[in-house]
Amino acid sequence: MNEITHPTIAPVAPAPSPVMVQYHEIKRAHPGCLLFFRMGDFYELFFDDAVAAAQALDIALTKRGRHEGADIPMCGVPVHTAEAYLARLIRAGFKVAICDQIEDPAEARRRGAKGPVRRAVIRVVTGGTITEEGLLDARRHNYLAGLAEAGGEIGLAWLDLSTGSFAAAPTSEAALTGDLARLSPGEVLLPERMLARPKLFELFAEWKPALTPLPNARFESEGARHRLEKFYGVGALDGFGNFSRAELAAAGALVDYVGLTQLDRAPHLEPPRRVVPGSVMQIDAATRRNLELATTLTGERKGSLLATIDRSVTAAGARLLAEHLAAPLTEPAAIAARLDAVQFFFDRSEPRAAVRRRLQQCPDIERALTRLSLGRGGPRDLAALRQSLGETAALREALAQPGLVPLPRRLAEAQKGLGEHGALVERLGRALGDDLPLLARDGGFIAAGYSAELDEWKGLRDESRRMIAALQARYAAESGVAALKIRHNNVIGYYIEVSANHAGKLGPAFIHRQTMAGAQRYTTAELADLETKIASAAERALALELRLYDDLVGEVMACRAGIAAAAAALATLDVAAALAALAADAEWVRPVIEENTAFEILGGRHPTVEAALAAGGAGGGFVANDCVLAEDRIWLVTGPNMAGKSTFLRQNALIAILAQLGSYVPARSAKVGVVDRLFSRVGAADDLARGRSTFMVEMVETAAILNQAGPRSLVILDEIGRGTATFDGLSIAWAALEHLHEVNRCRTLFATHYHELTALAAELPALACHTMRVKEWKGDVVFLHEVGPGTADRSYGIHVAKLAGLPKSVTARAEEVLGLLEKGEEGGTLARLADELPLFSAARRRAEPLPRDSAAEALLRETRPDELTPRDALDLLYRLKAFVE
Ligand code: ADP
């Protein structure tokens, strides 16, 4: 039996609009990204994207239409200011897919198309793949890093898409923290399975906003090899270096990702360079922070070592210097080559100034080249190339002066790298006008005389404009309306406007277009005709300009390897000349780098503190100090607070870094045996963001040092054991010092306020005591900032407290307490130190109630002299005398 089935009618919401269907399709193809969906003059965001972006950008969240019965949340940013919003979203850790209209709506109508205009994602913007000037810091690299595992090893690769630099190196779970701190990447790609490595949890938590986990398959080493070979058009990668499988996997994943985000527009990327393990000084993240290498502890560039030494005059020079500072070398010959280049300019102030003047005229062509190669450039990028490449000829010549040759190796290479760009410069010079728009599509950038055809169209366009002016004059004269104007707007094009009371004076040729408040607008057949002519001339001129632009870009691309080499050469020259200028101004010297464990700094200074003192104009200036770590490879530095211990420790670490990056150093003379790893634990900083107390941070950093430092390391330890109770602290400092002496056997500067530690000098032969000299003068303490052999006899903490403005009653009382404590400690304390920590007993004594007043004092206080009889007075005298006996 047949059942009659009734079709059920579900309560369907109205079908989504065709644009929404298109939106969802594109959105689905770009998971994890905000979608900037082009609608006319706006990029619009919908649904959850809109909610997230409105919050991050602090812009209004509105709604547009309904979807499945609910309002669609929406927000939008104008296309012409989108870059600023994009910058904020990227900084906040978002990825943004930019979806544009890829056909002209008018064209779509002409095509007779039914649906919405065609749209497609033209690129995906992520923290590691930005190229726009406005989104990048000109003086810093922005790295995209990638991690991969293969054959039990971890590989790290990194590239700067904005400049084309590309490198890879092996790493490990233990080294990764330091490696990431060195690169400070804007984005880190890694296989999803790596996220689960327990030992990397904490590190990944720290880098969370920058992490982009991707499917494991993208990090497969064989696929990566093929991808790289294809990208560089080579049969084998061996010519680039001897990469491990893990390194290849990481590098391949980067190239893959660049393809994904740039939608397969091939950017300029140098072949990957392999950074050989051990070829750079290892500096862990804490040490970088503590020594304020690239930023201060508060996160600013100003006040950092980099800011102090950076005298470069080009953005590429600044980036190269930052890169050198982040990774000082360990190979004496390589360091000497850099120093030779600096010395060349140090010894020759005239050529140095001349080269720097030329470099000052060189805009950033590394980034211009990348933008052009990604189709994101504009006429100003071409002008930058014309300008900088134009300077290369003069620079090459300046370096070829008879008195200057032969050049040191690095400079000779740079001179060669500058290359020969005469033809391109000449071409760009002829082609480009003076006043250049940012975007080619705005037109008007090709110089007159470059293309006869273009000049003709432009002539026609301008001629028509003159004809409009003539038309206006004629209409005004004929109608007798002197105020008659011919104007233009984007809605109705050209029109004739007269005020309402003159409307009657116009003849029948005037066709009414619009009535405005107090004015009437008209057109005429003549005007419409002229308008068509102007529009078509302008249109053709622009189309031709765009064609010429593409030709020029094509020519640039044909020379891009040479241009990249020139850019690198300019940066090398800038760094060498800038370091030389700094050395000459600040009276720095060339260090001697040796393949041993020497460390002999005579008259060393702290570059940043010295610069700050000089800038502050305070009298006195910086006091230079020696530091010679030889037989005594551990210096135990005692001295009061504020005497300059930290400054002394840091300055020696900084001198080692400067020397090995290939810079002169702030000293009278300096001999540095190559430092392979630098460790510092300085000051106390809470790391509450990671849920660690000050003391925990201190212990974690100290553990890293004691576990890792070797005989070629340099260790700076400032006040360890401060964050806990005195005994704990002293005991830890004591044991750590013994461990450094016996096990690590590294060059060490150890500052402490535990004077008790100086007793260790008797036990540990390689340990020497030094102290910050202090002068007492009329009850005040003067810090001389001089380091000398010996031990501080006192802490002078109370003097510092006085300087800091503690109430007088408190400092007076503290002096009293101190006097008593010191008296209690008399009796061969130091001699017993090696067996027993004296502070234990000191503290036991401290636990007893402190005598508030002596008996004699109490007696005197009660006495009222005016009320004493002579007999009582004599009695009192006897009693007082009894106290002292
Ligand atoms: P400490 O570590 O002993 O407490 P710091 O190294 O922090 O002392 O130095 C305190 C201040 O003394 C510094 O900020 C600096 O202004 C000044 N100072 C330190 N060393 C010198 C020096 N060698 N010459 C001149 N001033 C110095």
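The basis for the numbers below is simple: all heavy atoms, side chains too, and nothing from hydrogens, waters or symmetry mates. Counting convention: from 1, in listed order, for ligands and their atoms alike.
- Closest to atom 12 (O) of ligand 1 by heavy atom, among His785, Arg605, Lys645, Glu610, is His785.
- Compare Thr647, Asn625, Leu613 by their heavy atoms: the one nearest to atom 5 (P) of ligand 1 is in Thr647.
- Atom CD of Glu738 sits in a crowded spot, with more than 12 heavy atoms from other residues, nucleotides or ligands closer than 6.0 Å.
- Inter-residue side-chain proximity for Arg182 and Asp179 is flagged as met; some heavy-atom pair is nearer than 4.5 Å.
- For the atom pair Glu610 CD and Arg605 CZ, the distance stands at 4.5 Å (nearest 0.5 Å).
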Mind listing the side-chain donor-acceptor pairs of residues 660-671 below 3.5 Å, one per line with the distance, residues two or more places apart or on another chain?
| from | atom 1 | to | atom 2 | distance (Å) |
| --- | --- | --- | --- | --- |
| Gln660 | OE1 | Val675 | N | 2.7 |
| Gln660 | NE2 | Leu329 | O | 2.8 |
| Gln660 | NE2 | Val675 | O | 3.1 |

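- Not close to ligand 1: Ala612, with no non-hydrogen atom less than 4.0 angstrom away.
- Here the heavy atom of the protein found nearest to atom 4 (O) of ligand 1 is Met642 N, 2.6 Å.
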Show every donor-acceptor pair shorter than 3.5 Å between a side-chain atom in residues 623-640 and any protein atom, with sequence neighbours excluded, or say none if there are none.
| from | atom 1 | to | atom 2 | distance (Å) |
| --- | --- | --- | --- | --- |
| Asn625 | OD1 | Val787 | N | 2.8 |
| Asn625 | ND2 | His785 | O | 2.9 |
| Asp626 | OD1 | Gly603 | N | 2.7 |
| Arg633 | NH2 | His741 | O | 2.8 |
| Trp635 | NE1 | Val628 | O | 3.3 |
| Thr638 | OG1 | Ala792 | N | 3.1 |

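- Heavy-atom distances between Ala643 and ligand 1 reach below 4.0 Å in at least one pair.
- Shown in contact with Gly621 at under 4.0 Å from a heavy atom are these atoms of ligand 1, numbered in order with element: 25 (C).
- Only the backbone of Pro640 comes within contact range of ligand 1, with a heavy atom under 4.0 Å; no side-chain atom does.
- At a threshold of 4.0 Å, the pair Arg139-Asp310 counts as salt-bridged, since one of the basic side-chain nitrogens sits closer than that to a carboxylate oxygen.
- Each of the following atoms of ligand 1 lies closer than 4.0 Å to a heavy atom of Ser646: 1 (P), 2 (O), 6 (O).
- For atom 8 (O) of ligand 1, the closest non-hydrogen atom on the protein side is Gly644 N, 3.0 Å.
- For atom 14 (O) of ligand 1, no protein heavy-atom neighbour is found at a distance under 4.0 Å.
- For Val623, a nitrogen or oxygen atom sits less than 3.5 Å from a nitrogen or oxygen atom of ligand 1, counting backbone and side chain alike.
- Between Asp284 and Arg677 there is no salt bridge, since no side-chain nitrogen of the basic residue lies less than 4.0 Å from a carboxylate oxygen of the acidic one.
- Residue Val609 places no N or O, backbone or side chain, under 3.5 Å from any N or O of ligand 1.
- Ion pairing between a basic and an acidic side chain is recognised when a charged N comes within 4.0 Å of a carboxylate O; Asp585 and Arg311 show such pairing.
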